[in-house]
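Written below as structure tokens is the structure these notes are about.
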Amino acid sequence: MSLVAIVSGATKLAVSIIGLGTKLWFLPTFLAAFAYYHYDLFDPENRPINVKEVLPKYDFVIIGGGTAGAVLANRLTEVQNFNVLLLEAGGDEPEIADVPILSIYLHRSQIDWKYRTQPQASACQAMVDKRCCWTRGKVLGGSSVLNTMLYIRGNRRDFDLWESLGNPGWGYDEVLPYFKKSEDQRNPYLANNTKYHGTGGYLTVQDAPWNTPLGIALVQAGVEMGYEHRDINGEKQTGFALFQYNMRRGYRCSSAKAFLRPVRLRKNIHIAMWSHVTKVLIDPNTKRAFGVEFIRGGKKQVVLASREVILSAGAIGTPHLLMLSGVGPAEHLRQKKIPVIHDAPGVGQNLQDHIAIGGIAFQIDYPVSVLIDRFMNLNNALRYAVQGDGPLTSNIGLETVGFISTKYANQTDDWPDIEFMMTATTTSSDGGTQTRKAHCITQKFYDEYFAPINKRDTFGIFPMILRPKSRGYIKLRTNDPMDYPLIYHNYLTHPDDVRVMREGVKAAIAVGETASMKRFGTRFYRKVVPGCNGYEFFTDEYWECVIRQYTMTIYHMSGTAKMGPADDPFAVVDHELKVHGIQGLRVIDASIMPTITSGNINAPVYMIAEKGADIIKELWKSTKKERKRRGVISNNSTNIKKRHGSKARKNSQ
Ligand SMILES: Cc1cc2nc3c(=O)[nH]c(=O)nc-3n(C[C@H](O)[C@H](O)[C@H](O)COP(=O)(O)OP(=O)(O)OC[C@H]3O[C@@H](n4cnc5c(N)ncnc54)[C@H](O)[C@@H]3O)c2cc1C
Ligand SMILES: *[C@@H]1O[C@H](CO)[C@@H](O)[C@H](O)[C@H]1NC(C)=O
Ligand SMILES: *[C@@H]1O[C@H](CO)[C@@H](O)[C@H](O)[C@H]1NC(C)=O
């Protein structure tokens with residue numbers, strides 16, 4: 001490896017960090033070590049290529065290079081005579097995103113869209129302006145570049161439910177092969193269970209290279225409480241386990257790294273970064289999508305799609321673009337002066353997310369927690385850079401998962417209603433710097449609640465409700481595509497959600513009472529949550545109040561362009577992910593979930609994209625006659641030229 005490469009690696013890293021606006025004392029040493037041993041330099045696959053010029057026309061244009069978009073770009077270009085353009089608003093992944101422990105520093109950085117919800121009284125009362133902060137990836141790889149890499153498939157009943165709602169082909173038995181298709185399971189014991197796990201796929205799944213003693217103790221605590229220690233991505237879900245992660249040798253394995261880097265040299269794949277899509281072009285007469293309008297380098301451009309346009313802009317970007325393109329609730333579009341092409345009342349509705357309660361903390365007597373100050377040193381940086389293990393591979397302390405059923409769930413069934421995300425940290429572990437900012441907690445709330453345990457040894461349990469009944473929505477602020485839409489989370493507006501969350505807190509506190517945890521001197525942090533002083537401690541009313549203060553999003557926005565049959569007026573796409581009422585347009589991302597899955601949703605999004613890619617390939621590999629029979633028409637190139645020839649030629653110059 002040449003000195004030039006090392007220096008340029010170090011410079012690039014420095015630039016990316018400065019760009020992220022972090023001020024970390026340890027970074028100079030870390031940077032040197034990291035650059036010296038940088039994995040990228042050995043990586044034969046290296047970085048995706050950002051095309052200089054976009055061609056006038058492609059077979060497929062994919063909007064959004066996130067979790068789903070990257071999979072689609074890869075799978076569609078496996079067919080040599082398809083050519084594909086992937087448009088992404090952000091740029092390539094910064095090196096800092098590779099380091100698991102630093103993921104919290106990516107929030108509110110340049111690669112975050114930095115959405116804020118509208119202020120609502122039902123939740124997020126501890127946040128600045130009472131608005132939750134919704135981090136979303138604006139980068140190649142999308143939210144898989146900022147997430148905590150937890151790999152969880154959800155429950156078989158989630159998918160059986162999708163099927164029962166009128167979506168043939170989406171039951172568990174039919175989607176399982178698509179989970180396995182992506183997977184490269186690195187744990188030999190799990191991999192041996194070939195009924196549930198795959199090896200050799202693009203997406204690496206591995207165990208944590210390093211854990212604190214709290215990780216396994218929390219699994220033991222679950223066993224003590226009567227839960228099985230099991231593979232939660234296997235036959236059954238209820239139980240406790242150490243997390244499985246989308247990591248590769250201790251580095252992040254984002255969708256861009258997994259699916260785009262290995263195919264960067266394919267002739268039929270074009271990736272255009274820094275391309276902000278403003279509209280899908282749909283012929284109002286034939287109601288067929290024929291192209292995409294986007295802004296790149298300050299210039300508005302048009303690209304045509306002869307077969308299909310695929311929306312993979314995520315659960316906020318996708319409904320936003322549909323509405324800007326004239327597909328959405330007609331009345332709302334008219335108000336915003338957007339010509340209605342198709343009245344689709346479900347666009348932007350059915351917004352679902354997983355929330356947990358922040359601040360459920362336990363103090364301990366041993367120096368074992370993941371404290372930034374404890375672990376950020378030269379030794380650990382070197383260990384990380386050279387061996388890909390050690391504390392810097394910690395996903396900000398997220399080590400153990402538990403799936404439990406509260407009294408509101410069917411006890412004889414394996415369909416838990418609460419997930420515990422258990423961490424060897426709490427919000428106070430970094431002294432109120434980065435985590436507080438990422439979650440938009442007010443300084444006042446932090447000082448009152450967390451300051452007494454600043455940088456102390458603690459662990460945390462985030463009880464997360466798996467199938468909330470509350471539904472939010474997204475609508476346009478204006479018809480300017482650069483204006484963010486308005487987001488109404490509606491968290492905890494359904495009383496059942498409050499009940500389940502309340503039971504979740506009680507069960508979390510019980511984990512701290514087990515002998516396995518008492519060994520560490522564990523005691524629940526009994527500080528009254530600011531804003532809830534009027535309630536008697538430990539009563540249901542008190543917990544209800546607590547839930548509405550530090551309401552923590554787990555960043556699982558979904559459902560805003562839901563899949564369902566044509567007779568469901570709120571369904572936006574059919575079971576082949578085609579937009580109802582429009583030809584040549586599909587949605588393939590987290591938006592299509594009719595109901596949110598029972599677990600972190602990144603793995604299901606990979607599955608949706610894998611299955612979607614197969615549906616598309618199957619259609620376009622069929623004969624013209626067969627397609628005609630199915631009512632599919634291709635864009636006739638002469639028509640396209642008539643309508644958009646001059647613009648299309650312009651971008652190729
Ligand atoms: C902080 C955080 C932590 C998370 N942790 C986990 C976890 O540990 N485990 C888990 O399973 N899930 C986790 N998630 C959720 C998971 O990562 C997302 O649900 C998943 O990545 C969504 O995939 P997607 O393809 O639907 O959207 P995204 O991956 O968000 O991709 C959408 C892409 O479209 C682009 N785009 C949007 N609008 C436009 C436009 N107008 N023009 C061009 N491009 C556009 C975006 O820039 C983005 O690249 C987390 C998410 C976040 C943000
Ligand atoms: C793999 O599974 C087979 C039977 O299914 C078993 O005999 C073998 O011991 C297993 N190997 C490992 C490493 O678990
Ligand atoms: C609970 O789950 C069991 C097992 O799946 C099922 O047979 C039963 O009908 C369920 N009960 C209710 C009330 O849904």
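Numbers here are sequence positions counted from 1. In listed order, ligands and their atoms are each counted from 1.
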Looking only at protein heavy atoms, identify the closest one to [atom] and say how far it is in Å.
| atom | value |
| --- | --- |
| atom 9 (N) of ligand 1 | L150 O, 2.9 Å |
| atom 8 (O) of ligand 1 | T148 OG1, 2.7 Å |
| atom 28 (P) of ligand 1 | S143 N, 3.6 Å |
| atom 44 (N) of ligand 1 | A89 N, 3.2 Å |
| atom 20 (C) of ligand 1 | N602 OD1, 3.2 Å |
| atom 3 (C) of ligand 1 | N147 CA, 3.2 Å |
| atom 10 (C) of ligand 3 | N410 ND2, 2.4 Å |
| atom 1 (C) of ligand 2 | N192 ND2, 1.4 Å |
| atom 40 (C) of ligand 1 | V277 N, 3.8 Å |
| atom 21 (O) of ligand 1 | T67 OG1, 2.7 Å |

Numbering the atoms of ligand 1 from 1, which are under 4.0 Å from a heavy atom of [X]?
| X | value |
| --- | --- |
| S312 | 32 (C), 33 (C), 34 (O) |
| G66 | 29 (O), 31 (O), 33 (C), 49 (O) |
| R136 | 51 (C), 53 (C) |
| N600 | 9 (N), 10 (C), 11 (O) |
| A68 | 25 (O) |
| G314 | 26 (O), 27 (O), 32 (C) |
| A590 | 26 (O) |
| H276 | 41 (N), 42 (N) |

### Query
Does any N or O atom in Y189 lie less than 3.5 angstrom from one in ligand 2, N or O only?
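It does not: no N or O of Y189 is found under 3.5 Å from an N or O of ligand 2.
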Considering [options], which one's heavy-atom position lies nearest to [atom]?
| atom | options | answer |
| --- | --- | --- |
| atom 32 (C) of ligand 1 | G142, G64, A313 | A313 |
| atom 15 (C) of ligand 1 | Y555, W134, Y115 | Y555 |
| atom 53 (C) of ligand 1 | I111, I601, L72, T135 | T135 |

Is it the side chain (CB and beyond), the backbone, both or neither of [X] that lies under 4.0 Å from ligand 1, heavy atoms counted?
| X | result |
| --- | --- |
| H320 | neither |
| M557 | neither |
| V605 | side chain |
| W113 | side chain |
| S275 | backbone |

### Query
For ligand 3, which atoms have a heavy atom of T412 less than 4.0 angstrom away?
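Every atom of ligand 3 under 4.0 Å from some heavy atom of T412: 1 (C), 2 (O), 3 (C).
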### Message
Closer than 4.0 Å to some heavy atom of D413 - which atoms of ligand 3 meet that?
### Response
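Heavy-atom distances to D413 below 4.0 Å select 2 (O), 5 (O).
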From [options], residue fulfilling side chain to side chain contact (heavy atoms under 4.5 Å, CB included) relative to [X]:
| X | options | value |
| --- | --- | --- |
| I310 | L76, V61, I63 | L76 |
| H556 | V605, N147, T597, D353 | D353 |
| L86 | L260, L72, I269 | L260 |
| Y115 | T135, I474, I487 | I487 |

### Message
Apply ring-ring contact (aromatic ring centres under 6.0 Å, His included) to residues F179 and F159 and explain how you reach the verdict.
### Response
CA-CA 12 Å; F179 280 109; F159 306 103; 5.7 Å; yes
### Query
Should the ring pair H276 and W113 be called parallel, tilted or perpendicular, given that the plane angle runs from 0 to 90° and is split at 30 and 60?
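Plane angle over 60°, so perpendicular.
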### Message
Using side-chain heavy atoms (C-beta onward) and a distance below 4.5 Å, is F403 in contact with N155?
### Response
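F403 does not reach N155 side chain to side chain.
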### Message
Quick one, S405 and N410 - any side-chain contact, counting heavy atoms below 4.5 Å?
### Response
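S405 does not reach N410 side chain to side chain.
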Considering both backbone and side-chain atoms of [X], is one of its nitrogen or oxygen atoms within less than 3.5 Å of a nitrogen or oxygen in ligand 1?
| X | answer |
| --- | --- |
| L146 | no |
| A315 | no |
| G137 | yes |
| H107 | no |
| E88 | yes |
| M149 | yes |
| I63 | no |
| D589 | no |

Does even one non-hydrogen atom of [X] get within less than 4.0 Å of ligand 1?
| X | result |
| --- | --- |
| S144 | yes |
| P604 | no |
| I316 | no |
| I152 | no |

### Query
Given C440 and C133, is the disulfide (SG to SG under 2.5 Å) satisfied, shown in steps?
CA-CA 6 Å; C440 293; C133 279; 1.7 Å; yes
### Message
Applying a heavy-atom cut-off of 4.0 Å, say which part of R157 lies close to ligand 3: side chain, backbone, both or neither.
### Response
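It is the side chain that gets close, since no backbone atom is under 4.0 Å.
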### Message
Restricting to non-hydrogen atoms, name the atom on T117 and the atom on H489 that form the minimum distance, rounded to 0.1 Å.
### Response
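That closest heavy-atom pairing would be OG1-CD2, 3.6 Å.
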### Query
Where do H107 and Y555 land on the ring-ring contact (aromatic ring centres under 6.0 Å, His included) test, with the steps shown first?
CA-CA 11 Å; H107 294 249; Y555 312 100; 5.3 Å; yes
### Task
Considering only NZ, NE, NH1 and NH2 on the basic side and carboxylate oxygens on the acidic side, decide whether K236 and D414 come within less than 4.0 Å.
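No, K236 and D414 are not salt-bridged.
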### Query
Between NE2 of H439 and CD of Q434, what distance do you get to the nearest 0.5 Å?
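Taking NE2 in H439 and CD in Q434, the distance rounds to 10.0 Å.
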### Message
For the NZ atom on K279, are there more than 12 heavy atoms of other groups (residues, nucleotides or ligands in this structure) within a distance under 6.0 Å?
### Response
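At most 12 heavy atoms, drawn from other residues, nucleotides or ligands, come within 6.0 Å of this atom.
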### Task
For atom 7 (O) of ligand 2, decide whether some protein heavy-atom distance is shorter than 4.0 Å.
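No, no protein heavy atom sits under 4.0 Å from atom 7 (O) of ligand 2.
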### Is_contact(atom 4 (C) of ligand 2), protein non-hydrogen, under 4.0 Å
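Looking at atom 4 (C) of ligand 2, one finds that no protein heavy atom lies closer than 4.0 Å.
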